[in-house]
Amino acid sequence: MFRSKTAWFSSSVPQNHLDFWMVEGGSITGWREADYLFSADATCPDTLRIFESKDYICNKITVFHSLFLSTCEKRQSVKSVCIGHYVLPPTSVQDEVRKEVGRLIWEHEDEETIAQDEQKTFCPSEVAHSEQDVKGNM
C-alpha cells in the first residue's frame with residue numbers, strides 16, 4: 001500500500017500506526033525528506049516545530065492526522081480514503097474550522113462513523129478516478 005513512500009511520524013502517533021506503515025512497505029525518514037508527515041496532536045512539540053518551519057509557512061509541506069492510516073488499514077485500501085480529510089492544521093485553524101463545520105473527521109467517536117461520513121462527503125480525487133474509469137471502459 002505504501003511501497004516506495006516515506007513518512008515522518010510525530011511522537012504523538014500511536015505505535016500501531018507506524019507498524020502498519022512499515023508492514024505495508026513504507027519507510028520512515030526525517031520530516032524534511034518525507035513524502036508524508038503524520039501527527040496525532042497539533043500541540044505536540046515536534047508538530048509545533050513543523051508548523052513554525054519556513055517550509056510549512058510557505059505551503060511546501062502538509063501535516064496529516066495519523067488516523068488516516070487507521071482508516072486505510074480498516075478499508076485495506078489507500079485509494080478509497082480521501083487524504084485531504086485528514087489534514088491536521090494548527091489548533092488555531094482547527095478552532096476556526098470547528099466554528100464553520102463542527103467536529104473534524106478525527107474527532108468522531110469511532111472509526112465506523114468516520115467511514116460512514118467519508119462515503120457521504122465529496123472528494124475531488126474520487127471524481128477524477130471515476131472519470132478515468134468511465135473513459136477506460138469506453
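Start at 1 with the first residue, then count along the sequence.
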- Task: Just do the side-chain contact (heavy atoms from CB on, under 4.5 Å) check on T62 and L37 with the steps written out, would you?
- Result: CA-CA 7 Å; T62 303; L37 302 151; over 6 Å; no

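- For the pair L88/F64, no side-chain contact is recorded, criterion being any heavy-atom separation below 4.5 Å from C-beta on.
- Nearest heavy-atom pair, M1 versus C72, reported as atom, atom and distance to 0.1 Å: SD-CB, 4.0 Å.
- Taking all atoms of both residues into account, the shortest heavy-atom contact from D35 to S4 is OD2-O, 4.0 Å.
- Between the side chain of E24 and the backbone N or O of R3 there is no donor-acceptor pair closer than 3.5 Å.
- Residues Y86 and F38 are not in side-chain contact: their nearest non-hydrogen atoms beyond the backbone lie 4.5 Å or more apart.
- In the hydrophobic clustering of this structure, L67 groups with V97; members are Ile, Leu, Val, Met, Phe, Trp, Tyr whose side-chain heavy atoms approach within less than 4.5 Å, directly or through other members.
- Between the side chain of D55 and the main chain of K60, no donor-acceptor pair closer than 3.5 Å is present.
- A distance-only check finds a donor-acceptor pair linking the side chain of Q76 to the backbone of E73 [under 3.5 Å].
- For the atom pair NE2 of H65 and NE2 of H17, the computed distance is 8.5 Å after rounding to the nearest 0.5 Å.
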- Message: Before you tell me yes or no, could you show the steps for Y36 and K5 under side-chain contact (heavy atoms from CB on, under 4.5 Å), namely the whole-Å CA-CA distance, both residues' side-chain angles and the distance that decides it to 0.1 Å?
- Response: CA-CA 8 Å; Y36 298 94; K5 302 292 182 193; 4.0 Å; yes

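- A donor-acceptor pair is defined here as one N or O able to donate and one able to accept, closer than 3.5 Å; such a pair exists between the side chain of S77 and the backbone of S80.
- Atom CH2 of W8 is separated from atom CD1 of I61 by 9.0 Å, given to the nearest 0.5 angstrom.
- Looking only at distances, no side-chain donor or acceptor of S70 sits under 3.5 Å from a matching main-chain atom of S66.
- At distances below 3.5 Å, not a single donor-acceptor pair connects side-chain atoms of W21 with backbone N or O atoms of L69.
- No continuous path of ILVMFWY side-chain contacts below 4.5 Å connects V78 to V23, so the two sit in separate hydrophobic clusters.
- The pair D95-R98 counts as a salt bridge, with a side-chain nitrogen and a carboxylate oxygen less than 4.0 angstrom apart.
- Of all the heavy atoms in T91 and A42, the pair that sits closest is CG2-CB, 3.9 Å.
- Proximity of D46 to W31: side-chain heavy atoms (C-beta onward) are nowhere separated by under 4.5 Å.
- In this structure, the side chains of N16 and F20 stay at 4.5 Å or more apart for every pair of heavy atoms.
- For the pair S12 (side chain) and S39 (backbone), a donor-acceptor distance under 3.5 Å is absent.
- The side-chain heavy atoms of E33 and T6, taken from C-beta on, include no pair separated by under 4.5 Å.
- Between K99 and E96, at least one side-chain nitrogen of the basic residue sits less than 4.0 Å from a carboxylate oxygen of the acidic one, meeting the salt-bridge criterion.
- Within the 4.5 Å cutoff, the side chain of K54 has no heavy atoms near those of the I57 side chain.
- Closest heavy-atom contact between S53 and I50: OG-O, 2.7 Å.
- I28 and F68 fall within the same hydrophobic cluster, where Ile, Leu, Val, Met, Phe, Trp and Tyr residues are linked whenever their side-chain heavy atoms come under 4.5 Å apart, directly or through other members.
- P90 and Y56 get closest at one heavy-atom pair: CD-OH, 3.2 Å.
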